[in-house]
**Q** 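First the structure, which I've put down as structure tokens, then a few questions once you've had a look.
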Amino acid sequence: MRLLVLEDEIGALVRNSTALRRGPLRIGSTHTPARYVLPRVIAICRATYPEIELSLDVAPSHVLPPKLLAYELEFCCINRYPSAKPGVAARAVVHYELVLIAHPESPAARAPDLTPRDVGRFRIIMHETGSISRQVNDAWCQEHAIQPNVLMDVSGTETMKQMVRENLGAAMVSALSCRDEVASGSLAARSLPGLTTRRTIYLVHRRDVPLTRPAEAFVQILLLRPWTIPES
């Protein structure tokens with residue numbers, strides 16, 4: 001049903017288009033939206049507006065706003081609000097939570113009522129030191145006075161998920177990153193107890209330049225949230 005609604009909404013976008021959507025569109029993204037949100041949006045944009053010439057620059061959040069201000073990108077999707085960057089505007093487009101992923105047969109998956117103390121007893125595979133995800137993980141541990149039992153630091157969510165599938169430990173990752181594995185049953189996901197904040201992906205663009213028609217078309221599809229639809 002949701003898929004049919006999305007098709008109707010995209011059809012309305014095309015019918016209500018007042019100008020031809022064509023030409024280059026250079027966008028930027030941090031790794032989480034580039035991997036888990038934008039591919040579906042890009043696929044729909046390509047099918048709906050085949051004359052838009054898309055390019056995607058994937059980089060850390062501190063790299064993209066300067067490129068935006070240098071007119072190298074039209075807009076970008078980033079995980080950190082660009083409060084220190086005058087001349088750019090930002091709006092929240094995606095909210096998501098961090099979750100604890102574990103092997104389905106592990107104690108982390110089977111614990112009936114997960115507590116912060118429980119999490120402190122599990123072996124944890126952590127994001128690399130200095131990453132935004134690690135900062136969020138560390139903040140949760142500090143808030144709940146948890147000294148995590150860190151098995152190792154790993155650079156890359158996909159590698160972390162593979163290690164969890166091998167039952168080497170649990171890991172704190174974004175809920176966006178593990179939807180397919182949780183749906184298939186290869187991973188279990190638990191809400192982090194006492195987690196009071198959600199993470200946000202922002203759409204960031206220059207204040208002084210309106211979005212072009214290709215950018216408007218892309219953003220309209222992005223706001224329809226097509227990545228939430230199961231591929232099956």
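Just so it is clear, the structure is predicted and the values come from calculations on it, not from any experiment. In what follows, every heavy atom counts, from backbone to side chain, and hydrogens, waters and symmetry copies are set aside. Each residue takes its place number in the sequence, starting with 1.
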**Q** Quick one: side-chain hydrogen bond (donor to acceptor under 3.5 Å, both in side chains) partners of R123, sequence neighbours excluded?
**A** none
**Q** Could you tell me whether the side chain of R207 and the main chain of V88 form a donor-acceptor pair under 3.5 Å?
**A** yes
**Q** Verify the distance criterion only: is there a donor paired with an acceptor across the side chains of S133 and R199 at less than 3.5 Å?
**A** yes
**Q** Please tell me if the side chains of V94 and P33 come closer than 4.5 Å, counting only heavy atoms from C-beta onward.
**A** no
**Q** Starting at CG of L100, measure out to CG of D118 and round the result to the nearest 0.5 Å.
**A** 10.0 Å
**Q** Using the benzene-type ring in the case of Trp, are the ring centres of F75 and F218 under 6.0 Å apart?
**A** yes
**Q** On a heavy-atom basis, which atom in P39 and which in A34 lie closest, and how many Å separate them?
**A** CD-O, 3.1 Å
**Q** Check the pair T30, S61 against side-chain contact (heavy atoms from CB on, under 4.5 Å), reporting the backbone distance first and the verdict last.
**A** CA-CA 6 Å; T30 49; S61 59; 3.7 Å; yes
**Q** If I compare all heavy atoms of R80 with all of I78, which pair ends up nearest, and what's the gap?
**A** O-CD1, 2.9 Å
**Q** Between CE of M172 and CG of L98, what distance do you get to the nearest 0.5 Å?
**A** 8.5 Å
**Q** Taking R206 for its side chain and L68 for its backbone only, find out whether a donor-acceptor pair lies under 3.5 Å.
**A** yes
**Q** For the CZ atom of R117 and the CD1 atom of I146, what is their distance to the nearest 0.5 Å?
**A** 7.0 Å
**Q** May I ask you to decide if A111's main-chain N or O and R190's side chain share a donor-acceptor pair within less than 3.5 Å?
**A** yes
**Q** Is it the case that S184 and S186 place a side-chain donor and acceptor less than 3.5 Å from each other?
**A** yes
**Q** Starting at CD1 of I124, measure out to CG of N137 and round the result to the nearest 0.5 Å.
**A** 9.0 Å
**Q** Say whether, by atom type as modelled, one donor and one acceptor occur between the side chain of R46 and the main chain of A43 under 3.5 angstrom.
**A** no
**Q** Is the backbone N or O of D57 less than 3.5 Å from a side-chain atom of R26, with the two atoms forming a donor-acceptor pair by type?
**A** no
**Q** So which atom in A102 and which in A109 form the shortest heavy-atom distance, rounded to 0.1 Å?
**A** CB-N, 4.0 Å
**Q** Please say yes or no: joined through hydrophobic side-chain contacts below 4.5 Å, possibly via intermediate residues, are I44 and L38 part of one cluster?
**A** yes
**Q** Any donor-acceptor pair under 3.5 Å linking the side chain of E74 with the backbone of A215?
**A** no
**Q** Could you check if a side-chain atom of C45 sits within less than 4.5 angstrom of a side-chain atom of I52, using non-hydrogen atoms only?
**A** yes
**Q** Nearest 0.5 Å please: distance from the CG atom of L187 over to the SG atom of C178.
**A** 7.0 Å
**Q** List the atom of V93, the atom of R225, and the distance in Å for their closest heavy-atom pair.
**A** O-NH1, 3.9 Å
**Q** After noting the C-alpha distance and the side-chain angles of E128 and R134, does the key distance pass the side-chain contact (heavy atoms from CB on, under 4.5 Å) rule?
**A** CA-CA 6 Å; E128 72 276 19; R134 179 59 177 267; 6.0 Å; no
**Q** Taking the side chain as everything from C-beta on, heavy atoms only, tell me whether T32 gets closer than 4.5 Å to S177.
**A** no
**Q** Please test M160 against V164 for side-chain contact (heavy atoms from CB on, under 4.5 Å), starting from the C-alpha separation and ending with a verdict.
**A** CA-CA 6 Å; M160 294 173 71; V164 173; 5.5 Å; no
**Q** Quick one, V204 and L64 - any side-chain contact, counting heavy atoms below 4.5 Å?
**A** no
**Q** State, with a plain yes or no, whether a side-chain heavy atom of L56 is found less than 4.5 Å away from one of L54.
**A** no
**Q** List the residues meeting side chain to side chain contact (heavy atoms under 4.5 Å, CB included) with N167, not counting sequence neighbours, and say none if there are none.
**A** H103, S106
**Q** Can you tell me which residue pairs pass the ring pair (Phe, Tyr, Trp, His ring centres under 6.0 Å) test with a partner in residues 176-201, sequence neighbours excluded?
**A** none
**Q** Nearest 0.5 Å, what's the CD-CD distance between E166 and Q162?
**A** 5.5 Å
**Q** Does V219 reach the side chain of R91, with side-chain heavy atoms less than 4.5 Å apart?
**A** yes
**Q** What residue pairs, at least two apart or across chains, pass ring pair (Phe, Tyr, Trp, His ring centres under 6.0 Å) with a residue in residues 183-209?
**A** Y81-Y202
**Q** With hydrophobic residues grouped by side-chain heavy-atom distances under 4.5 Å, do V136 and V119 end up in a single group?
**A** yes
**Q** Can you find a heavy atom in the side chain of H31 that is under 4.5 Å from one in the side chain of V58?
**A** yes
**Q** When clusters are formed by joining ILVMFWY residues with side-chain heavy atoms under 4.5 Å apart, either directly or through shared neighbours, do I42 and L176 land in the same one?
**A** yes
**Q** So, do L223 and L203 sit near enough that their side-chain heavy atoms are less than 4.5 Å apart?
**A** no
**Q** Treat each ILVMFWY residue as a node, draw an edge where side-chain heavy atoms are under 4.5 Å apart, and state whether V37 and V173 are in one component.
**A** no
**Q** Going hydrophobic residue to hydrophobic residue with side-chain gaps under 4.5 angstrom, can you get from L192 over to M126?
**A** yes
**Q** For residues 110-137, which residue pairs pass the ring pair (Phe, Tyr, Trp, His ring centres under 6.0 Å) check, not counting sequence neighbours?
**A** none
**Q** Mind jotting down which residue pairs meet the ring pair (Phe, Tyr, Trp, His ring centres under 6.0 Å) criterion with at least one end in residues 144-176? Sequence neighbours excluded, please.
**A** W140-H144
